[in-house]
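The structure appears right after this line, and notes come after that.
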Protein chains: 2
Amino acid sequence: MLPYEHFGYIGAMTDSPNEVTPDRLSQADALPPSDQHAQQYAAVRNAHETELLEDYVELIADLLEHQGEARSTDIAARMGVSQATVSKTVTRLKSLGLVSSKPYRSLFLTEKGEAMAAMSNQRHAIVLQFLRALGVSDRIARIDAEGMEHHVSQETLDIMQRFTREQESRSS
Amino acid sequence: MLPYEHFGYIGAMTDSPNEVTPDRLSQADALPPSDQHAQQYAAVRNAHETELLEDYVELIADLLEHQGEARSTDIAARMGVSQATVSKTVTRLKSLGLVSSKPYRSLFLTEKGEAMAAMSNQRHAIVLQFLRALGVSDRIARIDAEGMEHHVSQETLDIMQRFTREQESRSS
DNA sequence: CCTACAAGTTAACCTTGGCTAAAATACTAG
DNA sequence: CTAGTATTTTAGCCAAGGTTAACTTGTAGG
């Protein structure tokens, strides 16, 4: 198991991309008031807390649907993480009432877990389809969607969905 | 060794129980191969590692530009976090060669830090303007951009930028 | 010059999410 | 039924990013 594939930032940083018309982009915006600024960061921190849980729950739902059962081994392989880590996280998911299972047996979602999975899945799909509709390649769209999905508000989701729909009807 | 593939053994079951999602979204997308799937999650984990560092560096750059100096107090207020946390994180930033400062004095970016700030800022701006061009309200666009910016690949950034440009020229 | 308050640091603690190694349990041939 | 392999869990480690509380340092006012 070699979980860490390196897409390192520091390395990628050096090849500065094409200039982005700095005059219009950057320094026009003044800093927002402190408290509002803080709320933005708080929102991100908050998203981070649930992100991993959502990913697990979503993956478990996918496995249940596509393979009939959700086993720790498969989760570990798909998440690129050791089984021990999965075990520990699942314990947490259970304590949060999202997952149920008997020791040494495969996993199930509680109602709460299924609700979360459904929402998460839907968001994921909307973001993924939106990126594709925008013209992003499939491989990249998948990666970006995985990272973005937890940080997209309902308002933006609605707009993305509308965009995708229009794009599709236009191209058909 | 004998890798007993436990993959085939569920093949016959084909449960396919529920159809929860609306069929527009239900993407008959099968699961991607495990290793590819793992890479997606690895990319997200990787982004998380640098996310906070980028946020700090970006904020420090903003403060230097708009207020002439970057003090821990301001950072703490803007990040919505205690000063102790800032102090600890700054220590880490220093050890990574992104920030420099003398004890009890305000902060500066190294060249490396400035490069990171510039890139980060650029990405942030592209995402923010894209969201606005899409029609997302300012307040929400700011929040979403803050969360999304670290998860958007170069390919997607380019596409976003093109979209924003087209949108603007169309409306002028 | 000295003192009080603001700002920065340090210490001690917590939770999360990784890891490896080892123990416990389940499964499948033979 | 038993042995051997596969899977799951447990134990012990680590770093990151939070917290409070206590301590140090910087800086203005009297």
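Each chain gets a letter, A, B and so on, in the order its sequence line appears, and its residues count up from 1. Any value given below was found using the heavy atoms of this structure, including those in side chains, with hydrogens, waters and symmetry copies removed. It should be emphasised that the depicted structure is a prediction, and the values quoted were computed from it without experimental measurement.
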Does [X] use its side chain to pair, donor to acceptor, with the backbone of [Y] at less than 3.5 Å?
X      : Y      : value
A:R123 : A:E149 : yes
A:S120 : A:A117 : no
A:H37  : A:P33  : no

Output yes when B:R142 and B:D138 qualify as a salt bridge under the 4.0 Å nitrogen-oxygen rule, no when they do not.
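Looking at B:D138 together with B:R142, the answer is yes, because their closest N to O distance falls below 4.0 Å.
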
If the plane angle is over 60° it's perpendicular, under 30° parallel, otherwise tilted; pick one for A:H151 and B:H151.
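If you compare the ring of A:H151 with that of B:H151, the planes turn out parallel.
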
Across nucleotides 15-21 of chain D, 5' to 3', mark each nucleotide with B, S or - according to how protein heavy atoms within less than 4.0 Å reach it.
-SBBBBB

Rounded distance (Å) that lies between atom [atom2] of [N] and atom [atom1] of [X]:
X      : N     : atom1 : atom2 : result
A:D74  : D:dA6 : CG    : P     : 15 Å
B:I75  : C:dA7 : CD1   : C1'   : 12 Å
B:Y104 : C:dG8 : OH    : P     : 11 Å
B:R105 : C:dG8 : CZ    : C1'   : 11 Å
B:E69  : C:dA7 : CD    : P     : 11 Å
A:K102 : D:dT7 : NZ    : C1'   : 18 Å

So does B:T73 get a side-chain nitrogen or oxygen closer than 4.0 Å to the phosphate oxygens (OP1/OP2) of C:dA6?
no

Side-chain N or O of A:R71 versus OP1/OP2 of D:dT9: is the shortest distance under 4.0 Å?
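For D:dT9, OP1/OP2 do not have a side-chain N/O of A:R71 under 4.0 Å.
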
Work out which heavy atom in B:A141 is nearest to a heavy atom in B:V136; give both atom names and the distance.
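Shortest heavy-atom contact: N-CG1, 3.6 Å.
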
Using a heavy-atom cut-off of under 4.0 Å over every strand shown, decide if B:S72 touches base, sugar-phosphate, or nothing.
sugar-phosphate

